[in-house]
Amino acid sequence: MFKLNLPPDPKEVAAMEARRNREKERLSRIFNVRNRILGVDVAALNSQVEEQKLQKTAEQNMKAAYDTSQVQYDMVAQMLEKEEAERTRRLAKKVQQFREQKQQKQQKLPNQHKFDLWNSDQLQEFPAHAGDCGPYHESASLQCFSDKARYLRMQQEQLRYSLEKQRQEQEQAKVATQYANQLNDKLRLAMDTHATKLSRMEDSNRTSMMFAMANANKTKGPHQATELAEQQRREHQHKQEANLMEIQKQITSDILTENPEVAKHPVNPHRVLAYCWKGMTAQQRAAIRKAQEMQCHEKQAEHQAKQAQDAQWESQTINLAQAAMELEEQERQLCAEFRRGLGSFNCQLATEQKAQENYLNAMIYTNQPTTEYYLQFNTSSR
């Protein structure tokens, strides 16, 4: 009659299978001696080990990058040092070449007064004191028996020659500057003379042109005056005719009239022509005043209705506040009465509970449980 071999519900089967799996996992955790005794979380430890490895790898990579940058910086510093040393070497070489060139020039000029104190070959040309009658001293001259005095005298000679040469160079530069200034002055003088000449020529041309124009005006003076008078008369007559036409137009047209019909638009009757509109009519002004009065009456009625509504709302708010205060007072009284009843009831319950506790301690609970009694519980996983 009834069909009992129905297929099971898939959701119920899946829920039962999930409960079985969770129970198996729980039993495996409970009966695992190592985890139960030591309490080690293998997954957490493995994750910590992986994090430490990743951190160590990142530190090694950072250190390698730092070492690489340090090597590059060292190479750059070495290159800069080499460039500085090469620059110093080239400068010293140039200085030495300059000194050699100067010395060669000095050797080529036999009558010069310069003396190189650092050249040992030139120092040998001046021997030490050999007697009173030497080739470099007279018989009555005061001789100096010291090499230092001879060096000082040579330096003085060299300084005197340098000063003399500087003075000559300054004089030559001064002469060159004076010559350049003279050339500049001559050039400016020539330019000013040319400009003055051009100005005079322009003035003479302007004067001759003015004289020619004056002579031409004198030759045709009477005829030109007659033409000018005739032209002025025609211009005045034309101006008078234009003024008369404007006056006639203003008189005969609708511009100066008070006719409101001239302001109507020929195509749209509800619009007006702004340049012909003379203002509103009496009927239009009366209609506007009537509309304004109606608006004032409506505004007053609306204001009165709003005031009445506000008064009604205010009275209703006052009544609600009074009713709320009365309800709060009633609630306060009921709460106080309830607290008094609850207190008396609690006192009665406390008395009964104290008597029950005394009875139990004195009559029933005479044997106290020992430690062996508590150890018999919780001996399995369930």
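Numbers here simply count residues along the sequence, with the first being 1.
- Here the CD atom belonging to Gln309 is positioned 10.5 Å from the CD atom belonging to Gln316, to the nearest 0.5 angstrom.
- Taking 4.5 Å as the limit, some side-chain heavy atom of Gln231 sits within range of a side-chain heavy atom of Arg234.
- At most 12 heavy atoms of other shown residues, nucleotides or ligands fall within 6.0 angstrom of atom CD in Glu337.
- Inter-residue side-chain proximity for His297 and Met294 is flagged as unmet; no heavy-atom pair is nearer than 4.5 Å.
- Leu327 is listed as a side-chain neighbour of Gln330, based on a closest heavy-atom distance under 4.5 Å.
- By the 6.0 Å contact criterion, CD on Gln168 is enclosed, its count of non-hydrogen atoms from other residues, nucleotides or ligands being greater than 12.
- With rounding to the nearest 0.5 Å, the separation of SG in Cys347 from CD in Glu352 is 11.5 Å.
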What's the verdict on salt bridge (Lys or Arg N to Asp or Glu O under 4.0 Å) for Glu230 and Arg233, showing C-alpha distance, side-chain angles and the deciding distance?
CA-CA 5 Å; Glu230 183 65 24; Arg233 187 187 63 78; 2.4 Å; yes

Go through Lys174 and Gln170 one step at a time and tell me if the side chain to side chain contact (heavy atoms under 4.5 Å, CB included) criterion holds.
CA-CA 6 Å; Lys174 187 176 180 181; Gln170 290 178 359; over 6 Å; no

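- A distance of 9.0 Å separates CG of Asp310 from NE2 of His303, quoted to the nearest 0.5 Å.
- Judged as a salt bridge (charged side-chain N to carboxylate O under 4.0 Å, His left out), not a single pair has a partner in residues 279-304 (not counting sequence neighbours).
- Looking at Arg167 and Glu171, a side-chain N of the basic residue comes within less than 4.0 Å of a carboxylate O on the acidic one, giving a salt bridge.
- The list of salt bridge (charged side-chain N to carboxylate O under 4.0 Å, His left out) pairs with a residue in residues 312-332, not counting sequence neighbours, reads Glu329-Arg332.
- In this structure, Ser199 contributes its side chain and Ala195 its backbone to no donor-acceptor pair below 3.5 Å.
- The hydrophobic clustering, which links ILVMFWY residues whose side-chain heavy atoms are closer than 4.5 Å, places Ile318 and Leu320 apart.
- Ionic pairing of Arg22 and Glu25 is not present here: no N-O contact between side-chain nitrogen and carboxylate oxygen is shorter than 4.0 angstrom.
- Legend: residues meeting salt bridge (charged side-chain N to carboxylate O under 4.0 Å, His left out) with Arg339, ordered by chain and number and at least two apart, are absent.
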One pair to check against side chain to side chain contact (heavy atoms under 4.5 Å, CB included): Arg90 and Arg87. What are the steps and the verdict?
CA-CA 5 Å; Arg90 289 197 300 267; Arg87 192 181 299 110; 4.1 Å; yes

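- Distance check, rounded to the nearest 0.5 Å: CE of Met245 to CG of Asn243 gives 11.0 Å.
- Separating the CD atom in Gln353 from the CG atom in Leu360 is a distance of 10.5 Å, to the nearest 0.5 Å.
- Inter-residue side-chain proximity for Gln158 and Met154 is flagged as unmet; no heavy-atom pair is nearer than 4.5 Å.
- Between Glu50 and Asn46, the closest side-chain pair of non-hydrogen atoms is not below 4.5 Å.
- Between the side chains of His236 and Gln232, no donor-acceptor pair of N or O atoms lies under 3.5 Å.
- With hydrophobic clusters built from ILVMFWY side chains whose heavy atoms lie under 4.5 angstrom apart, Met16 does not share a cluster with Leu27.
- Under a 4.0 Å N-O distance rule, the pair Glu59/Lys56 does not qualify as a salt bridge.
- Once rounded to the nearest 0.5 Å, the distance linking NZ of Lys165 with CG of Leu163 reads 12.5 Å.
- For Gln312, the CD atom is loosely surrounded, since the number of other residues' heavy atoms within 6.0 Å does not exceed 12.
- With respect to Arg20 and Glu17, a salt bridge is recorded, a charged nitrogen being found less than 4.0 Å from a carboxylate O.
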